[in-house]
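The residues of the chain are indexed from 1 along the displayed sequence.
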Amino acid sequence: EIAKKFQLGFNSFDFGEFKFSAVIIPVNKSCFTARNIVNDEGCIRYYKPKGSHIEMFNVEALNNEKPYCVLTEGEFDCLSFETLGINSMALCSANNVNKFIQQNKDLTKTYILALDKDEAGKLATDSIIEYFEKENKSNNKLFKESYPIHTFVKEYKKNLNKKKIK
């Protein structure tokens, strides 16, 4: 279902010294991300074609009917949330914070930050918080803590188990 919704594909790449198999994630008409599915040490994890503009992924999540949106840094994290039925959007790079700020979005949504915990992710998180505070988006709720995806999945499973027990 998720593969169909996001038109995911599969391909093998051969860059001489780097050969890998990857899930292909179309970001827009002119950009895709190839995510290496083999955990070989020394091999590239992601590939984006040179000259392509790195756009945000699943921007529709910012304006749909859902009352919340999880913001992730990477496409795979976004796809993981979407697989669980959790509305999410990926920046596709911590450097895309300004694109997020300029993007038309529903400011009545609750935004949950789930960016990476590395330096770039922390800076992006701080910039998004600063944007909402500076713009005084008082109607907007923002979870200011950054949640890694494994924390969400753990809580999600715990809540599912509670529902099953009742």
Test item: D118 side-chain N/O and G121 main-chain N/O as donor-acceptor pair under 3.5 Å: yes
Qualifying salt bridge (charged side-chain N to carboxylate O under 4.0 Å, His left out) pairs, either residue in residues 86-98, two or more places apart: none
Check residues 1-11 and write down every donor-acceptor pair under 3.5 Å in which the side-chain atom is one partner and the other belongs to a residue at least two apart or another chain.
| unit_1 | atom_1 | unit_2 | atom_2 | d |
| --- | --- | --- | --- | --- |
| K5 | NZ | E82 | OE1 | 3.2 |

Distance, nearest 0.5 Å, that separates OG1 of T125 from CG of L71: 9.0 Å
Residues that L123 engages under side-chain contact (heavy atoms from CB on, under 4.5 Å), provided they are two or more places apart: E119
Contact summary for I24 and P26, nearest pair of heavy atoms: O-CD, 3.5 Å
Side chain proximity check, V97 to Y131, heavy atoms < 4.5 angstrom: no
Backbone N/O of L91 and side chain of N96: donor-acceptor pair under 3.5 Å: yes
Heavy-atom side-chain proximity of F57 to T33 below 4.5 angstrom: no
Flag, side chain of K105 to backbone of I101, donor-acceptor distance under 3.5 Å: yes
Donor-acceptor pair, side chain of S88 and main chain of V70, under 3.5 angstrom: no
Partner set under side chain to side chain donor-acceptor pair (under 3.5 Å) for K122, not counting sequence neighbours: none
Side chain to side chain donor-acceptor pair (under 3.5 Å) involving N64 - partner list, sequence neighbours excluded: N87, K109
Partner residues of E75 under the salt bridge (charged side-chain N to carboxylate O under 4.0 Å, His left out) criterion, sequence neighbours left out: K48
Short side-chain to backbone donor-acceptor contact, N63 and N104, under 3.5 Å: yes
Test item: E73 side-chain N/O and S93 main-chain N/O as donor-acceptor pair under 3.5 Å: no
F132 vs L107, side-chain contact (heavy atoms from CB on, under 4.5 Å): CA-CA, chis, key distance, verdict: CA-CA 10 Å; F132 281 109; L107 293 174; 4.0 Å; yes
Any side-chain heavy-atom pair of V23 and F76 under 4.5 Å: yes
